[in-house]
S.K.: 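Handing you a structure now.
Below, each value reflects all heavy atoms present in this structure, side chains not excepted, and no hydrogens, waters or symmetry copies. Lettering follows sequence order; numbering is per chain, from 1.
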Amino acid sequence: MQSGTFHTSYAGDMALRPYWVQRLRIALVLIAVLTFPWFADRYWLNLANTIAIAAIGAIGLNILVGYTGQISIGHGGFLAVGAYTAGLLAARLDAPMWVTIPVASGFTALVGAFFGLPSVRLKGLYLAIATLAAQEIIIWLLTHGKLLGIGESLTLPQAANNLFGFPLSALGNNDFAFYWVTVGFLILTVVFVSNLFRSRTGRAFVAIRDQDIAAQVIGVDLFRYKLLAFATSSFFAGLAGALTAHYRSIISWERFTIDTSILYLAMIIIGGLGSVSGSIYGAAFMTLLPALLSNLARAISGVVPDINTYLPYIQQGAFGLAIVLFLIFEPEGIVKMWRNVKDYFRLWPFSY
Amino acid sequence: MRNERRRFNLPALMLALAMLLAACGGQPQQPPAAGGGATTGGPPIKIGAIFDLTGATADVGTPYSKGQIAFVDWKNANGGVAGRQLQLISQDYAYEVPRAEELYTQFVTQDGVIVFSGWGTGDTEALKGKITADKIPFISASYSAALANPAETPYNFLVAPTYSDQLIIAMKWALDDWKAKGKSGTPKFAYLINDSPFGRSPLADGTAFATANGIETPLEVPSPRGATDLTPQLTQIRDYGANYVFLQNVSSPAALAIKNAKSLGLDVQFVCLNWCANELLIKLAGADAEGVVGAIPFSPEGEGAKVALEFAKEKGIDYGGADSTFVQGWTAMSILVTGIERTLKDGKELTGENIKNTLETMGPIETGGVTPPVVFSTTDHAGVKALRMFRVENGKWVAITDFISAK
C-alpha cells in the first residue's frame, strides 16, 4: 500500500516508473502482449495490428495537440505522405521495409515541419484551417497523382516485407508476422515519447501549451520548438502510414481522407489529451467500437431479428455519441477514468 | 467529494465491461468448417458479403444488397443448394476500406465463409491480396478491368462488362448516334466522374479508344464528393464544347448533374454507365432525365428478372423502385451460387479452390436474359462482354440497341 511519494535519492525522483506496482503492471501488460498472438486468431490479430498502428499515429498527434497545444486537422494527410513514400520506395526501387520505414518517417517529418510553418504566426482556429489546407493539398496531389507517377492505388511487392533480409512471411501468416513489427514499433514509440517529456525539448513543448508568451519570456524559442513539435508529430504519422502500407500491401488515398484526420482527433480526445497511454486507449476504443457493436448485434440477432437493418445507423450514431458522452462526462478521457479506478482502490476505504 | 468520485466510476466500469465484451464477442462460437461431399443435406453453406448502406454509394448499394439477400432467401425457400441451406453473413461497411478489411477477415476466419460478395473498387482492390492468399472466390460490384486478369487476381470474378468495356461500348454507341444524326466531323467527349478509384477506373482505356477513332482526348471533370451544385463542372464542360458527356458515378450525383445542366441550358447528350443508369436516376432527375442514355449490363426486362421482381413483390421487399439495381444484386449472387451448386453436383468438396476451378471450366452460366451467358475461363475472368444501351423515354428505360460488345 502506497500512501505518498517518499524518494530518498535523485535517481528515484527522476525515474519514469518509480513504484513497484507500476513496474508490475508493465510486466503484466508485456506478458499479455507477448502471449496474445499465440492464442488469437487472424481476426483478432488484424484488430490488434490496426490498433497498434493507430496508436502510433495517435501518439504522434497527441505530441502536437495534447502536449504542445497546436491543433492539426492534417494528420490524415501526413499518414498518406508516410504510406506513399514507403510505397513508392518499395514498388519502384524494390527497397525493403527496414529502409522504407525510416526514410518515410523522416520525410514525413520534413513535410510536417513545412506545413507547421504557419503555426509560428497562427493559433487556434486559424491554425486548424491552415492544417486542413495541408490535408487537402496532400490528397489533391495524390488524386491527381499522375504528376508523381501514381495510379489510383499502389501495390507493394511482397518481397519488400523483410527485415534485414529476413522475409516476414517466414514467421507465419501476414497478420501474425506483422503483429511483432507493429507492436515492436509501438513499444519503441511509447518508450521514446514517454522519455521525450522528461527532456528539455518535451518541457519546452508543455511550456508552449500552457502559456506561449510566458514560455518565450523564460527563453523557449517558440519558432524552433513549434516546428520541432510538428516534425516529431509527423514523424510518427509517417511511421504509422508506412506500417499501414506494408501491412496492407496496397494503398489508395481513400484511406487518408479528412475523415481519418477527424478519427485521430477523436481518438486522442476520447483517450486523453496529453497522455501516451491515453492515445493507446483511444486508438483501441475507436477501433473496437464498431467491432463491438457488430458482434453485439450478431449475439442478439436471434432475439431482435431486425437489428441488422438498424445496425448501420447505430454504428454511425455511436461514433458521434461516444465523442459527446466523453466530452460531457469525462473530458479528460479514458486515461482519467482509469486513474479514477486506481485512485478508488488506492485510497479505499478513505476515499475523501 | 465522495459522490463525485462514485459518479465517475460508473462510466469507467461500463467501459471496462464494454472492452471485455469486445474482447470476447464472437470468439467462442468457432463454426465447424463448411465442407462435405455431394450428399444432400448438411451444414449451411456460408457466403460472406459487405454492403454500402450508409456510405458514399448507399443510394445504389441499398437496392443491390436487397437483391442479394432476396436471392439467398428465394434459393432457400426453393430447397437451397443440394438440400443445404445458404447462409448469408453480411454487414454494412459504409464504403470505408479499413472496415471492409476488418469484416472480410472476420467473416473468413471466424465464420468460415467460402465465397464472398464485395462492393466498391477501392476495397475490392485492397482485398485482392488477401482473397488470393485465402482462396476465396470473390465477386464484386466493381467492374474495374484491373480485376479481370486471373494471372494477377485469380479469385476475383467480374459478372458484368468491365467499366472500360462499358465506356467503350457507350462511345461506340455515341459515334453511331453522331453519324445517325447526320453530323459531320467527330464529336467531342467529356467525362464527369466520381472522384475516386471507381470513377477513374475506365478513363485510360476509354481515352485510348476515343483517340484511336480520331477523337480529341476527352475532357476529364471529377465531381467533388457530396457536392450540392455541379454548375462549375458543367460550365467547364460547356466551355470545352463537349457533345457527349459520360457519367461514371452513382445515381444521386448523376441526377444532380443532369438537373444542373438543364437549368444551365447545356445541350449535351448524357451517357450513364452502370451505376447511374437505373430507375433511381429517373426518380431523382424527373422530367430532366428524358433522353439520357445508359449502359445497363443487367437488364430488368429479361425473363430471369421477372422471378426476382415477383419474389420482391410477394415478400414486400422495398428496394426504392430501383428494379435494375435490385436485379443486378440478385443476378450477381445467383452466378456465385451457381458455381457452388455445380461444384457440389460434380461431387467435389466445397473449397474455394474447387469453386474457382468450377467457375472457370463449367461453361456458360445462364441468367435468363438479364445478361448474355456468363463465361469464365482460366485466362479471363471478365464473364460478360456485351450489354445493351437504353434511353429514358416517358420516364422509363427503353432498350435502343441489341447487345454490343467492346471488341
Side-chain angles (χ1 to χ4, degrees), chain A residues 40-47 50 143-144 151-153 155 158 173-175 244 248-255 257 259-260 281 284-285 287-299 308-309 311-313 315-316 325-326 329-330 334 336-341 343-344 347 351-352, chain B residues 1-2 5-9 11-13 15-16 18-19 21-27 29-30 51 53-55 58 89-99 101-103 105-110 120-123 125-130 133 144 146 195-198 200-201 204 222 225:
Chain A
D41 65 6
R42 271 182 48 207
Y43 172 63
W44 289 98
L45 285 169
N46 178 45
L47 281 179
T50 313
T143 47
H144 301 83
E152 284 307 329
S153 56
T155 309
Q158 270 303 313
N173 71 54
N174 194 45
D175 300 292
T244 308
R248 303 298 183 188
S249 74
I250 182 164
I251 42 171
S252 78
W253 58 270
E254 284 186 305
R255 201 186 274 282
T257 54
D259 293 356
T260 311
Y281 301 151
F285 183 84
T287 311
L288 291 177
L289 184 66
L292 160 79
L293 283 175
S294 62
N295 285 334
L296 206 67
R298 288 174 72 171
N308 276 322
T309 321
L311 182 65
Y313 309 102
Q315 272 174 342
Q316 275 189 320
L325 287 181
F326 267 99
F329 293 107
E330 192 54 280
I334 298 173
K336 183 72 185 351
M337 289 178 160
W338 175 227
R339 211 173 292 147
N340 287 341
V341 172
D343 285 349
Y344 181 84
L347 302 175
S351 60
Y352 39 85
Chain B
M1 196 66 193
R2 194 190 166 89
R5 194 157 274 132
R6 279 266 164 83
R7 189 156 58 88
F8 281 129
N9 271 332
L13 271 172
L15 186 89
M19 292 289 195
L21 253 166
C24 309
Q27 198 172 28
Q29 358 145 341
Q30 203 65 265
F51 301 132
L53 307 178
T54 55
I89 297 166
S90 67
Q91 214 159 88
D92 170 51
Y93 82 110
Y95 210 62
E96 280 169 16
V97 178
R99 187 99 185 93
E101 281 172 336
E102 186 206 314
L103 289 173
T105 316
Q106 185 178 20
F107 293 171
V108 170
T109 60
Q110 297 209 316
T121 302
D123 37 274
E125 289 201 348
L127 287 173
K128 66 186 185 188
K130 287 190 169 187
S144 170
D195 197 4
S196 71
F198 151 61
R200 285 197 182 79
S201 155
R225 266 194 199 180

S.K.: So how far is it from Asp195(B) CG to Trp253(A) CH2, rounded to the nearest 0.5 Å?
M.R.: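 Between atom CG of Asp195(B) and atom CH2 of Trp253(A) there are 5.0 Å.
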S.K.: Can you sort out the partners of Thr50(A) under side chain to side chain donor-acceptor pair (under 3.5 Å), two or more places apart, ordered by chain and number?
M.R.: Arg248(A)
S.K.: Chain A: which of Ala94(B), Ala133(B), Ser201(B), Ser196(B) shares the most heavy-atom pairs with it under 4.5 Å?
M.R.: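 When all of Ala94(B), Ala133(B), Ser201(B), Ser196(B) are compared, Ser196(B) has the most.
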S.K.: Search all heavy atoms of Gly122(B) against all heavy atoms of Glu254(A) and return the closest pair with its distance.
M.R.: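 Reported closest heavy-atom pair: CA-OE1, 3.3 Å.
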S.K.: Do the side chains of Arg99(B) and Ser294(A) get nearer than 4.5 Å, heavy atoms only?
M.R.: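 The answer is yes, as the side chains (C-beta and beyond) meet within the 4.5 Å cut-off.
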S.K.: Quick one: what part of Leu47(A) sits under 4.5 Å from any heavy atom of chain B, side chain, backbone, both or neither?
M.R.: side chain
S.K.: CZ/Arg255(A) to CG/Asp123(B) distance, rounded to the nearest 0.5 angstrom?
M.R.: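 Rounded to the nearest 0.5 Å, the CZ-CG separation comes out at 10.0 Å.
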S.K.: For Asn46(A) and Gln106(B), which I'm curious about, is there any donor-acceptor pair between the side chains at under 3.5 Å?
M.R.: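 There is no such pair (donor and acceptor under 3.5 Å, judged by atom type) between the side chains of Asn46(A) and Gln106(B).
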S.K.: Quick one: side-chain contact (heavy atoms from CB on, under 4.5 Å) partners of Thr121(B), sequence neighbours excluded?
M.R.: Glu125(B), Ser142(B), Ser144(B), Tyr163(B), Pro197(B), Phe198(B)
S.K.: Give me the atom names and distance for the closest heavy-atom approach of Thr54(B) to Tyr313(A).
M.R.: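 Looking at all heavy atoms of both residues, the closest pair is CG2-CE2, 3.6 Å.
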S.K.: Kindly compute the distance separating CD1 (Ile250(A)) from NZ (Lys130(B)), expressed to the nearest 0.5 Å.
M.R.: 12.0 Å
S.K.: Identify which part of Glu101(B) has an atom lying under 4.5 Å from any heavy atom of chain A, answering side chain, backbone, both or neither.
M.R.: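 Interface part for Glu101(B): both.
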S.K.: Mind listing the closest non-hydrogen atom pair of Asp92(B) and Gln315(A) along with its distance?
M.R.: O-OE1, 4.5 Å
S.K.: Using heavy-atom distances under 4.5 Å, tell me whether Tyr93(B) contacts chain A through its side chain, its backbone, both, or neither.
M.R.: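 The answer is neither part of Tyr93(B).
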S.K.: Less than 4.5 Å to any heavy atom of chain A: does that hold for the side chain of Gln91(B), its backbone, both, or neither?
M.R.: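 Contact with chain A is through the side chain of Gln91(B) alone.
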S.K.: Please evaluate residues Ser249(A) and Lys128(B) with respect to the criterion side chain to side chain contact (heavy atoms under 4.5 Å, CB included), reporting the C-alpha separation (whole Å), side-chain torsions for both, the decisive distance (0.1 Å), and the verdict.
M.R.: CA-CA 10 Å; Ser249(A) 74; Lys128(B) 66 186 185 188; over 6 Å; no
S.K.: For each of Ser90(B), Gly129(B), Pro98(B), Ala146(B), tally heavy-atom pairs with chain A at distances under 4.5 Å, and name the one with the top tally.
M.R.: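 Highest number of pairs under 4.5 Å: Pro98(B).
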